[in-house]
Amino acid sequence: MKNKQKSIFIIVFLLPCIIMWLLIYAYPLANIIVTSFCNWNYKNFTAPEFPGVAHMFDNYIKLFTLDNNFKMGLINSLKWVVLTLIVQVPFTLLVALVLSKKPRGWRFTRNAFVIPNIISSAAIGLIFMNLYSPSRGIVTEICNFFVPGSNVSVLTDSRYAFWGVTFSFILYGGTNCILLLTQIFSIDPSMIEAAKVDGASNGQIDTKIIMPLLRPMIGTVAVLAANYGLLLYNEIALITRGGPDNSTYSLSYYIYKSALGSTKLNFARGNAAGVVQFILGILLVGALNKLFRTNESEV
Amino acid sequence: MNKKKALSLVLVTALAGSALITGCGSQSTASTDTAATTAATQESAAAESTAAAETETANGELPTIKFVHGYYQTAEEWPAAEVMRQIYADFAELHKDEYTFEAVADETGGEGIYNTALNDLSSGEFYDIADFGGWDITPVASEAGAILDLKPYLDEDQAFKDGVGVCYDQNLTDDGKIYTVREQVEAIGFWYNENLFNEAGADTPDKWQTWDDFNTAVDKLVAAGINPFGLNGGWPSNILTGASLQRNEASREFYQNGLNVTDFNTDAFKETVAFMQDDALGKIDTAYFGPGGDDDNAYTDTFKEGKSAMLFNGVWAAGDAAEVDGAKPAVFPTDEPGKKAALMTGGCGLVVSSKLDEAQTAAAIDFLKYMTSPEIAAKIVEAGVGMAPSTTVDYKAIEGNVTDAAGKPLVEACNLCQSADYQSVGFGTAFGGGIEGEMSAKYAGLKDGSKTPDDVAQELNDFVAAE
């Protein structure tokens, strides 16, 4: 009887959350999934039409077989996921490990590293657009210094534009660095002292003690960073608008362009791409959680 | 563990339930015949209209109609905006005893008005009347049955029909409806700096007979160290592409069929792309392919600074041209000796709701007639705002009334466009916004040689197939 009352008590408290979850998360998500199998564009703007079982996968088939912009967006998004995992996460971890030693000026460095993360990505986008501008920016000047007459225009050359977008976010791991630092500072100092007494070097302490203890947090940081790469939109919308020659499309930018970027208003296609992105996100989070065993604490 | 399972089951069931609700909602709507829905909407609107009209008569109040436009700028920012607002205010004053005409400037401009309309359409609403400034709301709004077919009103009034000029044919849909008219059109020839042409010893555009003369003049300008023109990955490049497609009968036919083109792998198109690659992009050192910011307007700036000989922009760039010593308007050559071509797009402008009552609809039609009348046509041309759609406007007669520095070249440019042998819509209207955007993305590759005309044709074919 007591247990039953307890269960009712828990359910009553959970109910508002479940209702909110249904309204603001489950319903829109279900809507996206269902309408991705429909025809939904300017011709039936207010009423998505189910085309029948035989044609319900048409949007997905077109995405993967005919739509070069989607394929470009998918490939780029996956590249950004990989780059965040092999560049941003290790770089952030390295900065956190160095700062955890509290060298001279570590507070200033930590704060300076975090600043880009508290500036809006819109402002960052504008900053990079100006940096890359052949007429106002310094990147072209630097390239001309090393290769006179090269006149590199980062954002207008499809060979460089992808990297131009990448460098606008890849090194900004300030928030993740704070998470890692907090975790490092929560490690029992006696473990590190004991290692030092046993003659362990700083490198050995970092790699044999701190990093294994940090594993779940590194996993969390990897999930956050990879997710950012997968969902990248602001930087592209501001810096390249998907160009040149659509070479910097991302999945998110493709979704916007399909649904609202033309008078065709192809919401169904955009939603199909959204479902693909959602599935990738789920797989990514699952794989990273598994890889880093984020549910198992070492501390 | 069991509780966990039970909670998971509840959440999964809830998600599935949501999906079911979403699907059912769509299916039930989808199963309804579109035509029937439209008819029902119109019937309901008519019933509402009658009821509303009766209410207003009973109350003895004047009908009110709200007009939303994007001319919000101050006179200092854009003098044309003030001219347009005054035109609206004059109309309101003229009819103040019959109805209340409320003109509201939306500071988000045409794009914001378009986006608001999209949101409104989701809930079955629409502006009473709005100026979309080129943002084409008509496909989605007409399918939703939210906007008024203006064709019956145009067909019963010859003066009204004359006033909308090229908009009548250009905005006529496949099912014989006209959902929008405009008081001004996007008329496009180009501007040239006569002094720079003379300096290079090149024939000026008024003497050109064919596109070969264009190529010869460009070569002479380049040889003299003068930048022939500035381009970017969009507007001016698409103007030149559209103009090149007017060169002969085959290319014009391809262009006119633009919205239905599924195969770009044709001689007409590939020759134009080759022209863009070799004779346009290949003749300039720098093309401004920046994604935004002031790089986009650099092609205009170089002309205004006297550093380039031609500016591919509309008649409305008369203000920029007036700042340049020796600037003159011109229209494009064709491959038929002496024949000229201009691009004139009516596009999406004034759109009226289909849900207005009788009195409001009459007021809206009054307003459209007023906006496309010869008086307003003269006013917008004389004030240097733009070109009127009517083909009956006598620009020679208007020229005498123009005192504004930018007004004179504008009138001259309008006259040239009006008298061009071939007049077609702009590239974006001809092929649709999707192809316009895709084509814009190809110019950088054509410039650096990483793309060939065959590549461009194939990529556009792929894009059309994927749509």
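By convention in this document, chain letters (A, B, ...) are assigned in the order of the sequence lines, proteins followed by strands, and residues within each chain are numbered from 1. Just so it is clear, the values below take in all heavy atoms, side chains as well, and ignore hydrogens, waters and symmetry mates.
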Are more than 12 heavy atoms from other residues, nucleotides or ligands located less than 6.0 Å from atom [atom1] of [X]?
X	atom1	result
A:F167	CZ	no
A:M56	CE	yes
B:D175	CG	yes

Looking only at non-hydrogen atoms, find the nearest pair between [X] and [Y] and report the distance.
X	Y	result
A:T263	B:D136	CG2-O, 3.6 Å
A:S262	B:Y114	O-OH, 4.4 Å
B:A465	A:L66	O-CD1, 3.5 Å

Minimum side-chain heavy-atom gap [X]-[Y] below 4.5 Å:
X	Y	value
A:L260	B:N115	no
A:N69	B:E438	yes
A:D67	B:D462	no

### Message
Quick check on B:L118 against chain A: is it the side chain, the backbone, both or neither that has a heavy atom closer than 4.5 Å?
### Response
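Contact with chain A is through both the backbone and side chain of B:L118.
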
### Query
Quick one: what part of B:Y443 sits under 4.5 Å from any heavy atom of chain A, side chain, backbone, both or neither?
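Contact with chain A: none, neither part.
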
Atom [atom1] in [X], atom [atom2] in [Y]: separation rounded to 0.5 Å?
X	Y	atom1	atom2	answer
B:E143	A:N41	CD	CG	8.5 Å
A:T46	B:L121	OG1	CG	8.0 Å
B:S142	A:K43	OG	NZ	11.0 Å

Let me know if [X] has heavy atoms under 4.5 Å from chain B in its side chain, its backbone, both or neither.
X	value
A:L63	neither
A:S158	neither
A:L265	side chain

### Query
Are A:D245 and B:K451 close enough, and set up right, to give a salt bridge (Lys or Arg N to Asp or Glu O under 4.0 Å), and what steps lead you there?
CA-CA 10 Å; A:D245 198 14; B:K451 274 189 201 307; 2.4 Å; yes

### Task
Using only heavy-atom distances, determine whether the side chains of A:N266 and B:E467 contain a donor-acceptor pair under 3.5 Å.
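There is no such pair between these side chains.
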
